[in-house]
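Worksheet: one structure, shown below.
First the proteins, then the strands, lettered A, B, ... as listed; each starts at 1. The basis for the numbers below is simple: all heavy atoms, side chains too, and nothing from hydrogens, waters or symmetry mates.
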Amino acid sequence: MSKENKIVKLYKNLRKKYGHPQGQWKLWCKRPKSEKEREEVIIGAILTQRANWKNVELAMNNLKKARMNSIRKIPADKIRLVSCIRPSGFYKQKGEYLCGLTKFISEKYGSVREMKKQPLPKLRRELLGVKGVGPETADSILLYALDKPVFVIDEYTRRLLRARGAKYEDLRNLFEKNLKKDYRLYQDFHALIVIDGKNK
DNA sequence: AACCAGGAGAGAG
DNA sequence: CTCTCTCATGGT
C-alpha cells in the first residue's frame, strides 16, 4: 500500500467516525470567516500554546468582555491584557508574544485582510521571525486564519502516526505531498486528528 | 493531590 | 543540531 492511500484513508476514517469538526472547531473550521473571526483565531493560536482549551476559552471570554479581542486593541493596554489572559497560563510570556505578533501585523500590513493577500512562503518566513511564533503556531495562523494550505503538525499528529521523534518539516511534507492542496481539507483533517487524540 | 494540556525560547554540550 | 529547563493556570 502506498503512503498516499494511507494518509487519504486516515482522513476518510476520521471523517466517517466524527463527521464534521464540532465544538471549539466550529470557529476555526468556519468558511468563510469574518475579519474579526480571523483576528480571534490568531490570538487563540498564541493562547493555546501548551494550554487546556477550557482555560483558553476563559481567557478569550475575558478579552471579549474587555473588548480587547482584536489585533488593534491587544497592545493598547498590556496590564489589562495580561490580567485577561491569565487563565491560559504562561501569561507574562503570552502577553509579550501577543503584543509582538499583533504589532507586527498592524505595522507591516495594517490588517489581516491585507496580510492574507501575501504569498504563503513569505508569510511563513515572516511569522517564524516573530518572537513566540514557532512552526506549529505559524502554521495554525496560516491555515486557520489566512486560509493558506499548510498542514499543521502537533503532538496529536505525532502520536497518531507513532512518529514521536520525526522532524516537524518531514511530517508536514508527508501530509502535503499526499493531499490535494486545499486549505479546507487541511483544516478539517487536522481538526479531526486533534478531536480523535483527545478522544483517547 | 499529583498530573497535565494543541509550544517556544534560551542555554548547554 | 539535540537535549533540558523554564514559563503557570485551572480541570480531573
Side-chain angles (χ1 to χ4, degrees), chain A residues 10-11 14 18 21-30 37-38 40-66 68 74 78-105 123-146 148 150-172 174-176 183 186-200:
Chain A
L10 175 60
Y11 172 67
L14 290 175
Y18 300 104
Q22 297 291 319
Q24 44 168 115
W25 294 101
K26 275 186 298 185
L27 170 64
W28 288 57
C29 291
K30 187 178 174 191
E37 287 166 340
R38 294 185 194 282
E40 278 188 17
V41 169
I42 291 173
I43 295 165
I46 295 289
L47 296 180
T48 55
Q49 289 175 355
R50 200 63 186 178
N52 184 307
W53 185 261
K54 204 76 185 169
N55 292 337
V56 174
E57 280 190 327
L58 292 174
M60 190 60 81
N61 284 334
N62 289 339
L63 287 175
K64 285 181 186 171
K65 275 185 246 171
M68 292 188 70
I74 286 284
K78 201 173 280 191
I79 306 291
R80 193 132 71 104
L81 169 65
V82 167
S83 79
C84 283
I85 66 174
R86 169 169 256 139
S88 74
F90 306 118
Y91 54 86
K92 288 182 217 162
Q93 277 190 358
K94 288 180 180 176
E96 292 300 320
Y97 292 172
L98 277 173
C99 286
L101 176 59
T102 53
K103 278 183 192 166
F104 164 77
I105 294 172
L123 286 175
R124 190 167 199 271
R125 220 178 311 119
E126 290 175 350
L127 283 171
L128 288 174
V130 176
K131 191 169 179 180
V133 179
E136 185 179 337
T137 306
D139 291 343
S140 295
I141 293 171
L142 290 166
L143 178 61
Y144 290 104
L146 305 178
K148 301 292 181 183
V150 196
F151 205 91
V152 178
I153 303 301
D154 57 23
E155 194 54 32
Y156 290 124
T157 318
R158 294 171 193 279
R159 281 182 214 162
L160 189 58
L161 297 189
R162 289 168 202 164
R164 281 298 189 87
K167 287 181 198 161
Y168 187 94
E169 296 301 320
D170 290 344
L171 286 175
R172 188 165 73 88
L174 175 63
F175 280 90
E176 294 183 8
Y183 76 90
Y186 289 9
Q187 286 179 353
D188 289 356
F189 195 173
H190 172 255
L192 289 171
I193 288 173
V194 178
I195 289 168
D196 185 61
K198 288 180 184 248
N199 197 244
K200 290 169 184 166

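- Distance A:Lys54 NZ to C:dA8 C1': 20 Å, rounded to the nearest Å.
- Going from atom CD1 of A:Ile46 over to atom C1' of C:dA8 covers 16 Å, rounded to whole Å.
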Exercise. In dot-bracket notation, what is the pairing pattern of DNA chain C, taking Watson-Crick (N1-N3 plus N6-O4 or O6-N4) and G-U wobble (N1-O2 and O6-N3) contacts under 3.5 Å, with [ ] crossing and | for other strands?
Worked result: |||||||.|||.
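- At the heavy-atom level, A:Gln24 lies under 4.0 Å from base atoms of the strands shown.
- Counting to the nearest Å, the C1' atom of C:dA8 and the CD atom of A:Gln49 are 13 Å from each other.
- When all heavy atoms are compared, the tightest approach of A:Ala138 to A:Leu128 is CB-CD2, 3.8 Å.
- OP1 or OP2 of C:dT9 lies within a sub-4.0 Å distance of a side-chain N or O belonging to A:Tyr91.
- Across all strands shown, A:Arg86 has heavy atoms under 4.0 Å from sugar-phosphate atoms exclusively, and none from any base.
- Annotation: B:dA1 and C:dA8 have their P atoms spaced 25 Å apart (nearest Å).
- Taking only side-chain nitrogens and oxygens, A:Lys131 comes nearer than 4.0 Å to OP1 or OP2 of B:dA10.
- Put simply, CG on A:Leu47 is 13 Å from P on B:dA8, counting in whole angstrom units.
- Mapped onto DNA chain B by nearest heavy atom, A:Arg159 and A:Tyr97 fall at different nucleotides, with A:Arg159 at the one closer to the 5' end.
- The side chain of A:Lys167 lies closest to C:dT2 when the candidates are C:dG10, C:dT2, B:dG7.
- Computed from coordinates, the A:Tyr168 OH to B:dA8 P distance equals 8 Å when rounded to whole Å.
- Looking at A:Val56 and A:Asn52, their side chains never come closer than 4.5 Å, going by heavy atoms from C-beta outward.
- At whole-Å resolution of the value, NZ in A:Lys92 and P in B:dG7 are 21 Å apart.
- For the segment residues 188-200 of chain A, no residue has any heavy atom less than 4.0 angstrom from an atom of DNA chain C.
- Nearest nucleotide to the A:Phe90 side chain, out of C:dA8, B:dA5, B:dA8: C:dA8.
- Residues in residues 90-103 of chain A take part in these salt bridge (charged side-chain N to carboxylate O under 4.0 Å, His left out) pairs, two or more places apart or across chains: A:Lys78-A:Glu96.
- Among A:Asp139, A:Thr157, A:Asp154, the single residue meeting the side chain to side chain donor-acceptor pair (under 3.5 Å) criterion with A:His190 is A:Asp154.
- Nearest heavy-atom pair across A:Gln49 and A:Phe90 is O-CD1, 4.3 Å.
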For this session: Tell me, with the steps shown, if A:Lys30 and A:Glu40 meet salt bridge (charged side-chain N to carboxylate O under 4.0 Å, His left out).
Result: CA-CA 12 Å; A:Lys30 187 178 174 191; A:Glu40 278 188 17; over 6 Å; no
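- Spacing between atom CG of A:Asn52 and atom P of B:dC3 amounts to 18 Å, rounded to whole angstrom units.
- Atom CD in A:Glu96 sits roughly 16 Å away from atom C1' in C:dA8 (whole-Å rounding).
- At a threshold of 4.0 angstrom between heavy atoms, the contacts of A:Val133 are confined to the sugar-phosphate backbone, with no base atom among them.
- For the pair A:Lys148 and A:Glu176, the salt-bridge criterion is not met [side-chain N within less than 4.0 Å of a carboxylate O].
- Counting all heavy atoms, side chain and backbone alike, A:Gly95 lies closest to A:Val82 at CA-CG2, 4.5 Å.
- Taking the centre and axis of the six-membered ring of A:Phe151, the NZ or CZ atom of A:Arg172 falls outside the cone set by 45° and 6.0 Å.
- For B:dA8, one of the phosphate oxygens OP1 or OP2 lies less than 4.0 angstrom from a side-chain nitrogen or oxygen of A:Thr137.
- Residue-level contact check: A:Ser140 touches the bases, meaning some heavy atom is under 4.0 Å from a base atom.
- Taking the ring centroids of A:Trp25 and A:Tyr144, they lie under the 6.0 Å cut-off.
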